Enquirer: 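Pasting in a structure now, in structure tokens, and then I'll have a few things to ask.
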Amino acid sequence: MDLFDIFEEHVDQIIDGLVAEGVVPEDANRRGVIVELPRDTGHGDLSTNAAMVLAKPSKMNPRALAEQIAGKLGEIDIVASAEVAGPGFINLRLETSFWPRIVKAVLEAGDDYGKSNIGGGAKLNIEYVSANPTGPMHVGHTRGAVFGDALARLLEFTGYDVCREYYINDAGAQVDVLARSAFLRYREALGEDIGEIPEGLYPGDYLVPLGVSLSETHGEALLSMDEAEWLPIVKDAAIDAMMALIREDLAKLNIHHDVFFSEKTLHENNGAAIGAVIESLRSAGHIYRGRLDPPKGTLPEDWEDREQTLFRATDFGDDVDRALEKSDGSYTYFAADIAYHKDKFDRGFAHQIDVLGADHGGYIKRLKAALKAISDGKGELDVRICQLVKLLRDGAEVKMSKRAGTFVTLRDVVEEVGVDPVRFMMLMRKNDATLDFDFARVTEQSKDNPVFYVQYGHARTCSLFRQLEESIPGMDSANLDHATAPLTRLTDEGEIAIMRKLAQYPRVIAGAAAAQEPHRIAFYLYELASDLHSHWARGKVAPHLRIIQEDDWELTQDRFALIAAVGNTLKSGLTILGVSAPREMR
RNA sequence: GUCCCCGUAGCUCAGUCGGAUAGAGCGUCGGAUUCCUAAUCCGAAGGCCAGAGGUUCGAAUCCUCUCGGGGACGCCA
């Protein structure tokens, strides 16, 4: 329970009292009533909108109602004053002894500060990355990977039982192309001059080692086979090799999935798994044979009007019904995806999250429709879209083209700038807004680089402890017992600003989890680091504000409790983002 | 043509289940360091929150429309 919860409870009880007195009607909707930190510190330490929310149902003037509530809030011992302001806000000013309680709370909670059980231990499946196994990951994949991973960490921190999952698209035509491309490299490894890689095959030289390994395993045996014979062999080997590559790439970003689910398995035994899902949908009346109107806009060249097997997606909020079978009788990607989401549902994941790229925006409605249909409305799917990343180098956009072989791989970026900056920068933007990734800025070691700014904040807290050991002979900061700090001397405005910020952390975490927006944590950390740096710098001109006061151990002890609390919170937030919290930066 | 996302300071963006005088960084200008890491800090200037209606005690936030940018639009994955 955080600071705000405590006061919301107070307010709630006061409203109960007013209901009993007949001032507020019993059925008044209290949902909008909140206690928050006013933006302007001149408005006090805490404020509530209770009177404005309840004025109308109570048929009262907001300010008059506010006066009544304020009177009762003023009786709480920790409240120094409760005043009505503006249209009916109630502003609370707390006793100065209040804020240090936050420091104590942070230190007592340790790594658990901000942790909650909002999820109640509910199982939750988050599918992310799911890049096609046709080559190494490029920067475009990086954002979804980092976002999904940070979201998973965040949801775990807030009490969900999270399963991280990767859907391997190993069933379509793309992996056949991969196999043919690999076969070419196999022939090359056997000494053949393959010349230019033909149009339509993957030209990247990441397939060269695979060709060599195929030649070592199979010798020239594959050469005498028909494509129908060698293709499955080469395809399996190629997919395994590409997935190994992708796992390595992900590991470089500190990302590890719990489950890798193969699309191909859904197509095995003549598509038994997919067929079964379609059958169950059919018996529920969600499948029919019919024709679709041609798509608007530019008509595909091979458009033919034909009767086909359709899913009544429109019954579940989609714009059109969706095809489940291709004209050659095989299942569509969507059909397999329904079976996949059904599989996840059957594994106990009523709540699922899919992290998809920007180009899949048009896919959301049908996926949601599908999960609703196969779960009888019991399943819940959230789809988070990650927008494009624009790479900038020396102020100019880096154009990427697969055909020209100029795409920047995830590995390149991580090796050039490091994991921490990559992860942090990817999380400095709301996921559904496009993001500029500027190499120069990200590698810069200055305050212009948010990740260094925040990490340096953490390093600074650690540095102060080291400094303390040097200042006070025999001091071992590891044994500094914050529990014995009196916490009565943290009265400077800079210190109070930091404590106010610390108090917000649990709410920031809860809000970020509810909105599934880890970027809020990145912004919070930036602000907390800023408060720390700002306060620290004041000690430059005002020596009495320095953390270490060699002739006043009591004060020093209090200040170190605060510094420890800041370091603790910075580390907690960075950990959720999957970014390291260095103890020293030089 | 339909659907989705976006439009906030010169630039890059926060803020959006409605709250008080709309914030931060960069850039510009002016300052701070004999002393806890200057990888830092302080100050100033900078706004018709794309536009128009509507709902409300109250709108950047919700609704409708318009304009502008991006994306998607049977069998690709």
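Below, all heavy atoms of this structure are taken into account, side chains as well, without hydrogens, waters or symmetry copies. Throughout, a chain's letter reflects where its sequence line sits, starting with A, and its residues are numbered from 1. Every value quoted in this text rests on a predicted model; they were computed, and no experiment measured them.
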Enquirer: Going by salt bridge (charged side-chain N to carboxylate O under 4.0 Å, His left out), name the residues that satisfy it together with A/R500, two or more places apart in sequence or in a different chain.
Expert: A/D45

Enquirer: Before accepting this row, confirm whether a basic side-chain N of the pair A/K430/A/E517 lies closer than 4.0 Å to the acidic partner's carboxylate O.
Expert: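 Between A/E517 and A/K430 there is no salt bridge, as every charged N stays at least 4.0 Å from the carboxylate O atoms.
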
Enquirer: Calculate the interatomic distance between A/M585 atom CE and B/C36 atom P; express it in whole Å.
Expert: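 Going from CE in A/M585 over to P in B/C36 covers 19 Å.
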
Enquirer: Between B/A14, B/A77, B/C41, which nucleotide gets closest to the side-chain atoms of A/S534?
Expert: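 In terms of side-chain proximity for A/S534, the closest of B/A14, B/A77, B/C41 is B/C41.
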
Enquirer: Indicate, with a heavy-atom threshold strictly under 4.0 Å, whether A/L464 touches base, sugar-phosphate, or nothing.
Expert: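 Counting heavy atoms under 4.0 Å across all strands, the contact made by A/L464 includes a base.
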
Enquirer: Do any N or O atoms of the protein come closer than 3.5 Å to N or O atoms of nucleotides 16-23 of chain B, and which pairs are they?
Expert:
unit_1 : atom_1 : unit_2 : atom_2 : d
B/U16  : O4     : A/K430 : NZ     : 3.2
B/A20  : N6     : A/S47  : OG     : 3.1
B/A20  : N6     : A/N91  : OD1    : 2.9
B/A20  : N1     : A/N91  : OD1    : 3.0
B/A20  : N1     : A/N91  : ND2    : 3.1

Enquirer: Let me have RNA chain B in dot-bracket notation, would you? Count Watson-Crick plus G-U wobble pairs, both distances under 3.5 Å, and use [ ] for pairs crossing earlier ones and | for inter-strand partners.
Expert: (((((((..((((.....[...)))).(((((.......))))).....(((((..]....))))))))))))....

Enquirer: Before you tell me yes or no, could you show the steps for A/D436 and A/L391 under side chain to side chain contact (heavy atoms under 4.5 Å, CB included), namely the whole-Å CA-CA distance, both residues' side-chain angles and the distance that decides it to 0.1 Å?
Expert: CA-CA 6 Å; A/D436 287 354; A/L391 277 188; over 6 Å; no

Enquirer: Centre-to-centre under 6.0 Å for A/F316 and A/H286, is that the case here?
Expert: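 Yes - the distance between ring centres of A/F316 and A/H286 falls below the 6.0 Å cut-off.
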
Enquirer: Please confirm whether the shortest side-chain N or O distance from A/H519 to OP1 or OP2 of B/G15 is below 4.0 Å.
Expert: yes

Enquirer: In whole Å, measure the gap between the C1' atoms of B/C57 and B/G1 for me.
Expert: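 It comes out at 42 Å once rounded to the nearest Å.
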
Enquirer: Tell me the interatomic distance from A/R429, atom CZ, to B/G25, atom P, rounded to whole angstroms.
Expert: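 The distance from CZ of A/R429 to P of B/G25 comes to 14 Å, rounded to the nearest Å.
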
Enquirer: Less than 4.0 angstrom from a charged side-chain N to a carboxylate O is my criterion; do A/K264 and A/D236 meet it?
Expert: yes

Enquirer: Under the rule for salt bridge (charged side-chain N to carboxylate O under 4.0 Å, His left out), what residues qualify as partners of A/E380, not counting sequence neighbours?
Expert: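 So A/E380 forms no salt bridge (charged side-chain N to carboxylate O under 4.0 Å, His left out) with any residue.
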
Enquirer: What's the separation between atom CG in A/D5 and atom CZ in A/R507, rounded to the nearest 0.5 Å?
Expert: 5.0 Å

Enquirer: What about the rings of A/Y128 and A/F147, do their centers lie closer together than 6.0 Å?
Expert: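 Aromatic pair excluded; centres sit 6.0 Å or further apart.
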
Enquirer: Give the rounded distance in Å between these two atoms: NZ of A/K501 and P of B/A24.
Expert: 11 Å

Enquirer: Say you pick atom C1' in B/G69 and the same atom in B/U8; how far apart are they, in whole Å?
Expert: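 Taking atom C1' in both B/G69 and B/U8, they lie 15 Å apart.
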
Enquirer: Starting at CG of A/D359 and ending at C1' of B/G70, how long is that distance when rounded to a whole Å?
Expert: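 It is 13 Å, rounded to the nearest whole Å.
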
Enquirer: Could you tell me how far apart A/Y524 (OH) and B/G15 (P) are, to the nearest whole angstrom?
Expert: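 The distance from OH of A/Y524 to P of B/G15 comes to 16 Å, rounded to the nearest Å.
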
Enquirer: How many Å lie between CG on A/D438 and P on B/G25, as a whole number?
Expert: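 The distance from CG of A/D438 to P of B/G25 comes to 19 Å, rounded to the nearest Å.
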
Enquirer: At less than 4.0 Å, is any side-chain N or O atom of A/Y453 found next to OP1 or OP2 of B/A24? Yes or no.
Expert: no

Enquirer: Please classify the nucleic acid contact of A/E584 as base, sugar-phosphate, or nothing, using heavy-atom distances under 4.0 Å.
Expert: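 Base, at least one base heavy atom under 4.0 Å.
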
Enquirer: If we take the P atom in both B/A50 and B/A39, what is their distance in whole Å?
Expert: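 Per the computed distance, 39 Å lies between those P atoms.
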
Enquirer: For B/A32 and B/C13, measure between their C1' atoms and round to the nearest Å.
Expert: 28 Å

Enquirer: In plain terms, say whether A/K344 and A/E165 are close enough for a salt bridge, that is, a side-chain N and a carboxylate O under 4.0 Å apart.
Expert: no

Enquirer: Under 6.0 Å between ring centres, would you say that holds for A/Y167 and A/Y340?
Expert: yes

Enquirer: Of A/W536 and A/S330, whose closest RNA chain B nucleotide lies nearer the 5' terminus?
Expert: A/W536

Enquirer: If the C1' atom of B/G47 is compared with that of B/A22, how far apart are they to the nearest Å?
Expert: 9 Å

Enquirer: In whole angstrom, what separates A/L388's CG from B/C6's P?
Expert: 15 Å

Enquirer: Under 3.5 Å, which protein N or O atoms sit close to an N or O of nucleotides 26-29 of chain B? Give each pair with its distance.
Expert:
unit_1 : atom_1 : unit_2 : atom_2 : d
B/C26  : OP1    : A/K447 : NZ     : 2.3

Enquirer: Looking only at side-chain atoms of A/K56, point me to the closest of B/U56, B/C41, B/A39.
Expert: B/U56

Enquirer: If you look at every strand shown and take non-hydrogen atoms under 4.0 Å, does A/R306 touch a base, only sugar-phosphate, or nothing?
Expert: base

Enquirer: Begin with the C-alpha distance, continue with both residues' side-chain angles, and end with the deciding distance and a verdict on side chain to side chain contact (heavy atoms under 4.5 Å, CB included) for A/Q516 and A/I353.
Expert: CA-CA 10 Å; A/Q516 300 175 0; A/I353 299 176; 3.6 Å; yes

Enquirer: Let me know the distance between NZ of A/K540 and C1' of B/G31, rounded to the nearest Å.
Expert: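 Going from NZ in A/K540 over to C1' in B/G31 covers 16 Å.
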
Enquirer: Among the candidates B/C5, B/C41, B/A77, find the nucleotide nearest to the side-chain atoms of A/Q174.
Expert: B/A77

Enquirer: Closer than 4.0 angstrom, basic N to acidic O: yes or no for A/R559 and A/E495?
Expert: yes

Enquirer: Write down the distance separating the C1' atoms in B/C17 and B/G10, rounded off to the nearest Å.
Expert: 34 Å

Enquirer: Using a cut-off of 4.0 Å on non-hydrogen atoms, how would the nucleic acid contact of A/Q455 be classed: base, sugar-phosphate, or nothing?
Expert: nothing

Enquirer: Please report the interatomic distance CG(A/L392) to NZ(A/K390), rounded to the nearest 0.5 Å.
Expert: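 If I round to the nearest 0.5 Å, the distance is 6.0 Å.
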
Enquirer: Taking only the P atom of each, what is the distance from B/A44 to B/C5 in whole angstrom?
Expert: 39 Å

Enquirer: When the nearest nucleotide of RNA chain B is assigned to A/A173 and to A/L435 on a heavy-atom basis, which residue is associated with the more 5' position?
Expert: A/L435

Enquirer: Verify ring pair (Phe, Tyr, Trp, His ring centres under 6.0 Å) between A/F560 and A/F465, making sure each step is shown before the conclusion.
Expert: CA-CA 8 Å; A/F560 269 88; A/F465 279 97; 4.9 Å; yes

Enquirer: Taking B/A59 as the reference, what is the distance to B/A52 when you measure between their C1' atoms (whole Å, please)?
Expert: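 The same atom, C1', in both gives a distance of 15 Å.
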
Enquirer: Under 4.0 Å, heavy atoms only, any strand: does A/G361 hit a base, just the sugar-phosphate, or nothing?
Expert: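 Counting heavy atoms under 4.0 Å across all strands, no contact is made by A/G361.
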
Enquirer: Residues of residues 548-563 of chain A with any non-hydrogen atom less than 4.0 angstrom from an atom of RNA chain B: list those, numerically ordered, please.
Expert: A/I548

Enquirer: What I want to find out is whether A/D318 reaches A/R312 closely enough, with some N-O distance under 4.0 Å, to be called a salt bridge.
Expert: no

Enquirer: Given the ring of A/F439, does A/R393 sit roughly above its face, with NZ or CZ under 6.0 Å from the centre of the six-membered ring and within 45° of the axis?
Expert: yes

